[in-house]
Protein chains: 2
Amino acid sequence: MRSLTVCAAFEEEELNRLAEIVQLQRVDAHQTIFSEGDSAMNLFNVTAGTVKLYKLLPDGRRQITGFLFSGDFLGLSVNDRYAYSAETVAVTSICRFPRRQMELLLDEFPKLQRRLFSMASNELAAAQDQMLLLGRKTAREKIASFLLGLSQRAVRRGQRENPVQVPMSRSDIADFLGLTTETVSRTFTQLKANGIIRLLEGGKVQIADRRTILEIAEGG
Amino acid sequence: MRSLTVCAAFEEEELNRLAEIVQLQRVDAHQTIFSEGDSAMNLFNVTAGTVKLYKLLPDGRRQITGFLFSGDFLGLSVNDRYAYSAETVAVTSICRFPRRQMELLLDEFPKLQRRLFSMASNELAAAQDQMLLLGRKTAREKIASFLLGLSQRAVRRGQRENPVQVPMSRSDIADFLGLTTETVSRTFTQLKANGIIRLLEGGKVQIADRRTILEIAEGG
DNA sequence: CGTCCCCCTTGATGCACATCAAGGCATCTG
DNA sequence: CAGATGCCTTGATGTGCATCAAGGGGGACG
């Protein structure tokens, strides 16, 4: 029960009911949680670690549609199938909610439903930002936006905004931003050379010049 | 009241209550419905015509995040501000729901909330498809996907799937697909030359070879 | 402790699409 | 009806990022 308090931001009464149906599990890095097209049996909540969501084209081209961190939900589905695949980036802990039982709870607690809806709305807004990024930003702007985004989300989770933790590989970043690993690498190098960022140990990135990176991100 | 039946797919009891707060209005082509950042006073439902949603970068670069047709909703907001701008593509009829009153109704009719949630989920799935398109598809694949998407949505609205109605300009298509008008135009010309589509009067496009265009869209 | 492997970086080259430019055609307007 | 205007198409050229290629460094493991 106690451990459940880490299970996202729910309220007292809801928590008790959620506790009855939830299952907490730890997942190693680079493990598939579910695949696109799988029957959507569960809803998940990340409580620690990092998860990536992605879609594939038949020839293997990949688009990562989002990274999830502590507090984020995944598994919302359309007509009972997952619309994307989910894989851990690092060691991760997730809460698993059987979908059927979750739906019953939603009927019982409209507030809960409301919260989920508001989360979906936020995701939708994020998705639109990402479309703007993918369709209209340059490589440099994409990387700047990406770093800022990570930083801002870290703050919302109560972590430090700088240096930014970047737990995913260059290849994952590339597939998230619609670039190649080489371009991602070159762009990092270039931002470093400009004194805008510093690459630290353990996948951390120090934002040395926040103002400039903000300008770059917005197309300045 | 009668005219309200065109206001999307709601149920008897809900409809009566919705009728009290709704306002139907007709809007000319190329009119702004609301702008990104505006205080989100209303929720809208398109009952006829076409609307585009878009986001801008400070230097004017534009990404259209979606086109809306009869039955589609717009105006979901995060922290009371619209996350994008909305503009009519052609003459359009929309239902307007004051947001405050809509929220009260949502509390009263959980089913209504459920329906909105499911719509948001669908939009989210569509947004992820669009990310895949923007990040990883070629111009040819983008155009093929775009035409198929329009065709499929037309079917869902009960219209004919072929020829496809394409009410938006080349420039709008370009900003939706992350291309330029020139590339859109050239790609149409090329698909026409290959005998895969035919360009008809009045912005209609005949899909001559559905199988091939499907293959192209999925990266075949 | 050496070797393998993966990830990252850097360099050289190529190409898909952008940019720049111009002309056609339909619609609008005084 | 002449001129203006907006949208589309087509051609010539440019370029940002992809592709191809190779080497370096760190962690895993025998």
Side-chain angles (χ1 to χ4, degrees), chain A residues 28-30 50 52 57 59-64 87 89-91 133-146 166-194 197-205 216 219, chain B residues 28-30 50 52 57 59-64 87 89-91 133-146 166-194 197-205 216 219:
Chain A
D28 284 341
H30 309 297
T50 308
K52 66 188 177 201
L57 287 172
D59 65 1
R61 277 176 286 172
R62 184 177 66 152
Q63 179 66 38
I64 292 183
E87 202 176 303
V89 169
V91 177
L133 178 150
L134 289 169
R136 289 300 180 215
K137 289 187 182 177
T138 65
R140 193 176 163 86
E141 291 162 1
K142 286 176 177 180
I143 295 286
S145 304
F146 174 65
V166 184
M168 61 292 286
S169 70
R170 295 287 182 262
S171 158
D172 282 348
I173 299 173
D175 284 346
F176 182 56
L177 300 178
L179 299 170
T180 58
T181 58
E182 292 94 330
T183 298
V184 170
S185 183
R186 277 187 247 272
T187 307
F188 271 116
T189 304
Q190 183 203 320
L191 289 173
K192 188 176 72 174
N194 296 343
I197 63 171
R198 267 188 292 275
L199 302 180
L200 311 180
E201 299 277 282
K204 284 195 277 291
V205 176
I216 296 172
Chain B
D28 283 342
H30 309 296
T50 308
K52 65 188 176 201
L57 287 173
D59 65 0
R61 278 175 285 171
R62 184 178 64 152
Q63 179 66 40
I64 292 183
E87 202 177 304
V89 168
V91 178
L133 178 149
L134 289 169
R136 290 301 180 214
K137 289 188 182 178
T138 66
R140 194 175 161 89
E141 291 162 1
K142 286 176 176 179
I143 296 286
S145 304
F146 174 66
V166 184
M168 61 291 287
S169 70
R170 294 289 182 260
S171 157
D172 282 347
I173 298 173
D175 283 346
F176 181 57
L177 299 179
L179 299 170
T180 59
T181 58
E182 293 93 331
T183 298
V184 170
S185 183
R186 276 187 248 272
T187 306
F188 270 117
T189 304
Q190 183 203 318
L191 288 174
K192 188 176 73 175
N194 296 342
I197 63 172
R198 268 188 290 276
L199 302 178
L200 310 180
E201 299 277 282
K204 284 195 279 289
V205 176
I216 295 172

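Order of the sequence lines sets the chain letters (A, B, ...), proteins ahead of strands, with each chain counted from 1. Note: hydrogens, waters and symmetry copies are ignored here, and every other heavy atom, side chains too, is used.
- Protein atom NZ of A:Lys192 is 6 Å distant from nucleotide atom P of C:dT10, rounded to whole Å.
- Between B:Ala174 and A:Arg136, the shortest heavy-atom contact is O-NH2, 3.2 Å.
- Here the P atom of nucleotide D:dC7 and the CG atom of B:Leu199 are 18 Å apart, to the nearest Å.
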A:Lys137 and B:Leu57: side chain to side chain contact (heavy atoms under 4.5 Å, CB included), yes or no, with the steps?
CA-CA 9 Å; A:Lys137 289 187 182 177; B:Leu57 287 173; 3.8 Å; yes
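- Regarding B:Asp175, its CG atom lies at a distance of 16 Å from the P atom of C:dC17, rounded to whole Å.
- Atom NZ of residue B:Lys142 and atom CG of residue B:Leu179 lie 4.5 Å apart, to the nearest 0.5 angstrom.
- Residue contacts shown for B:Ser185 include a base, since a base heavy atom lies under 4.0 Å away.
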Check nucleotides 16-18 of chain D for protein N or O atoms closer than 3.5 Å to its own N or O atoms and list the pairs.
| from | atom 1 | to | atom 2 | distance (Å) |
| --- | --- | --- | --- | --- |
| D:dC17 | OP1 | A:Ala139 | N | 2.8 |
| D:dA18 | OP1 | A:Thr180 | N | 3.4 |
| D:dA18 | OP2 | A:Thr180 | N | 3.4 |
| D:dA18 | OP2 | A:Thr180 | OG1 | 3.0 |
| D:dA18 | OP2 | A:Thr183 | OG1 | 2.3 |

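- Atoms CE (B:Met168) and C1' (D:dC7) sit 15 Å apart, rounded to a whole Å.
- Considering B:Arg61, B:Lys52, B:Arg62 as possible partners of B:Asp175, the one that fulfils the salt bridge (Lys or Arg N to Asp or Glu O under 4.0 Å) test is B:Arg62.
- To the nearest angstrom, C1' of D:dG27 lies 13 Å from CD of A:Glu201.
- Within the model, atoms CZ of A:Arg170 and OG1 of A:Thr183 stand 12.5 Å from one another, a figure rounded to the nearest 0.5 Å.
- Between A:Val205 and A:Leu199 the shortest side-chain heavy-atom distance falls below 4.5 Å.
- Remark: A:Thr189 is in phosphate contact with C:dT10, judged by side-chain N or O atoms under 4.0 Å from OP1 or OP2.
- Nucleotide C:dC17 holds its C1' atom 12 Å from the CD1 atom of B:Ile143, rounded to whole Å.
- Rounding to whole angstrom units, CG of residue B:Leu177 and P of C:dC17 are separated by 12 Å.
- One atom, CG of B:Leu200, and another, C1' of D:dC8, lie 16 Å apart when rounded to the nearest Å.
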